[in-house]
Amino acid sequence: MRDAYHEELDSIGDGLVEMARLVGSAIGRATTAMLDADLKLAESVIEGDKKVDELQHDLEARAIALLARQQPVATDLRIVVTSLRMSADLERSGDLAQHVAKLARLRFPDRAVPHDLHATILEMGQLAQRLMAKAAEVIITKDVDLALQLETDDDEMDLLHRTLFQHLIDDRWKHGIETAVDVTLLGRYYERFADHAVAVAKRVVFLVTGEHADNLQQDLPTEIQPLTGPEGA
């Protein structure tokens with residue numbers, strides 16, 4: 001019975017990793033659909049969000065069943081409760097990737113992003129994907145130091161978000177109100193996606209240590225390993 005119980009706990013963790021990988025891929029593909037005005041790709045991202053929702057509902061049902069049957073305590077209880085919260089963060093991340101794809105679909109065959117902002121949006125999309133890949137790694141490894149690094153990595157997204165607004169308030173903006181609204185929404189989607197990746201990592205810190213990440217942040221090493229490559233490797 002105990003072996004089956006711990007196998008079920010492990011399977012919940014596997015489900016979280018799968019969700020993280022799916023939403024990380026989704027934000028990358030949604031960004032490509034946005035910048036390339038690729039309607040087929042946008043539709044695949046929108047349709048693919050159903051899989052994320054199904055995983056979240058399945059994970060939630062299994063976690064609640066474990067609570068009812070096993071009445072876990074201490075670390076096991078933290079695993080179940082924290083997993084429920086992480087699944088909600090990941091499900092919301094999938095929704096945000098879907099929002100990007102829906103905007104690409106709405107503006108097709110035109111592009112919602114003006115050419116002079118393509119590089120910034122591309123960088124935001126790639127960074128969002130890398131942050132979520134790193135969050136997935138944290139779920140697998142339970143590496144507290146790596147988890148704490150995500151908040152510092154997220155500063156890069158905040159900087160890109162501010163860069164968008166600098167373009168919007170510039171007197172030389174010539175793309176009109178509709179495009180300004182689109183760009184504002186996109187910036188918010190990417191910024192919130194990154195926030196959810198950070199939230200997932202913080203929840204892993206709590207799962208492992210029983211302490212909130214903010215209380216441990218002061219111990220973060222001064223030399224932070226930068227994010228590199230499309231998958232954060």
Side-chain angles (χ1 to χ4, degrees), residues 10 12-32 45 48-49 51-52 55-56 59 78-79 82-98 100 120-161 163 186-209 211-233:
D10 290 342
I12 288 174
D14 292 342
L16 291 170
V17 172
E18 185 177 0
M19 287 183 71
R21 287 173 172 166
L22 284 173
V23 300
S25 173
I27 196 67
R29 291 184 295 116
T31 302
T32 299
V45 173
D49 189 55
K51 175 64 173 177
V52 176
L55 282 169
Q56 198 266 341
L59 189 151
R78 282 210 306 272
I79 290 172
T82 304
S83 295
L84 284 168
R85 292 174 175 172
M86 284 194 285
S87 72
D89 283 314
L90 293 168
E91 189 275 334
R92 182 57 183 151
S93 299
D95 288 345
L96 291 164
Q98 186 184 59
V100 174
T120 302
I121 293 297
L122 177 61
E123 191 172 356
M124 293 181 84
Q126 291 175 338
L127 178 59
Q129 188 171 5
R130 295 197 302 269
L131 283 166
M132 191 56 73
K134 201 166 186 177
E137 184 180 354
V138 167
I139 296 170
I140 295 168
T141 64
K142 307 295 189 294
D143 186 329
V144 171
D145 289 337
L146 187 65
L148 292 173
Q149 288 174 16
L150 259 81
E151 189 156 12
T152 300
D153 296 332
D154 182 49
D155 291 343
E156 190 177 341
M157 183 67 80
D158 294 336
L159 180 60
L160 289 167
H161 195 205
T163 298
L186 280 174
R188 183 59 174 165
Y189 297 154
Y190 288 116
E191 189 262 342
R192 289 299 299 146
F193 187 99
D195 286 347
H196 284 297
V198 172
V200 167
K202 284 184 172 183
R203 297 193 197 284
V204 173
V205 172
F206 178 72
L207 186 157
V208 173
T209 68
E211 296 283 341
H212 291 288
D214 292 342
N215 296 334
L216 301 176
Q217 201 68 37
Q218 60 186 358
D219 299 325
L220 187 65
T222 54
E223 292 187 2
I224 302 298
Q225 181 179 351
L227 287 168
T228 57
E231 297 296 334

With the side chain counted from C-beta on, respond yes when [X] and [Y] share a heavy-atom pair under 4.5 Å apart, and no when they do not.
{"X": "Y190", "Y": "I121", "value": "yes"}
{"X": "E123", "Y": "E156", "value": "yes"}
{"X": "M86", "Y": "M19", "value": "no"}
{"X": "K142", "Y": "L207", "value": "yes"}
{"X": "V144", "Y": "T209", "value": "yes"}
{"X": "L59", "Y": "Q56", "value": "no"}
{"X": "S83", "Y": "L16", "value": "yes"}
{"X": "L90", "Y": "M132", "value": "yes"}

Could you report the tightest heavy-atom contact between [X] and [Y], atom names first, then the distance?
{"X": "G125", "Y": "T31", "answer": "CA-OG1, 3.5 Å"}
{"X": "V45", "Y": "A30", "answer": "CG2-N, 3.8 Å"}
{"X": "A201", "Y": "V138", "answer": "CA-CG1, 4.3 Å"}
{"X": "L131", "Y": "A194", "answer": "CD1-CB, 3.6 Å"}

Straight-line distance of [X] [atom1] to [Y] [atom2], nearest 0.5 Å:
{"X": "I12", "Y": "I139", "atom1": "CD1", "atom2": "CD1", "value": "12.5 Å"}
{"X": "L55", "Y": "L22", "atom1": "CG", "atom2": "CG", "value": "6.0 Å"}
{"X": "M157", "Y": "F193", "atom1": "CE", "atom2": "CZ", "value": "8.5 Å"}
{"X": "E191", "Y": "H196", "atom1": "CD", "atom2": "NE2", "value": "9.5 Å"}
{"X": "R130", "Y": "L150", "atom1": "CZ", "atom2": "CG", "value": "11.5 Å"}
{"X": "Q149", "Y": "D154", "atom1": "CD", "atom2": "CG", "value": "13.5 Å"}

Q.
Test side-chain contact (heavy atoms from CB on, under 4.5 Å) on L160 and L127; report intermediate values, then the result.
A. CA-CA 10 Å; L160 289 167; L127 178 59; 4.0 Å; yes

Q.
I27 vs L96, test: side-chain contact (heavy atoms from CB on, under 4.5 Å). Steps then yes/no.
A. CA-CA 8 Å; I27 196 67; L96 291 164; 5.6 Å; no

(Q) Check whether T32 reaches the backbone of G28 with its side chain - one donor and one acceptor, N or O, closer than 3.5 Å. (A)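 Confirmed, T32 side chain pairs with G28 backbone.
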
Q. What residues, two or more places apart in sequence or in another chain, satisfy salt bridge (charged side-chain N to carboxylate O under 4.0 Å, His left out) together with D143?
A.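 Applying salt bridge (charged side-chain N to carboxylate O under 4.0 Å, His left out) to D143 gives none.
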
(Q) Using the rule given for side-chain contact (heavy atoms from CB on, under 4.5 Å), can you reason through R192 versus R92, listing the C-alpha separation, both sets of side-chain angles and the distance that settles it, and then say yes or no? (A) CA-CA 9 Å; R192 289 299 299 146; R92 182 57 183 151; 5.9 Å; no

Q: Would you list the pairs meeting side chain to side chain donor-acceptor pair (under 3.5 Å) in which at least one residue belongs to residues 14-26, sequence neighbours left out?
A: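 Non-adjacent pairs meeting side chain to side chain donor-acceptor pair (under 3.5 Å): S25-R29.
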
**Q.** Residues that D49 engages under side-chain contact (heavy atoms from CB on, under 4.5 Å), provided they are two or more places apart
**A.**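 Here the qualifying residues are V52, D53, D95, Q98.
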
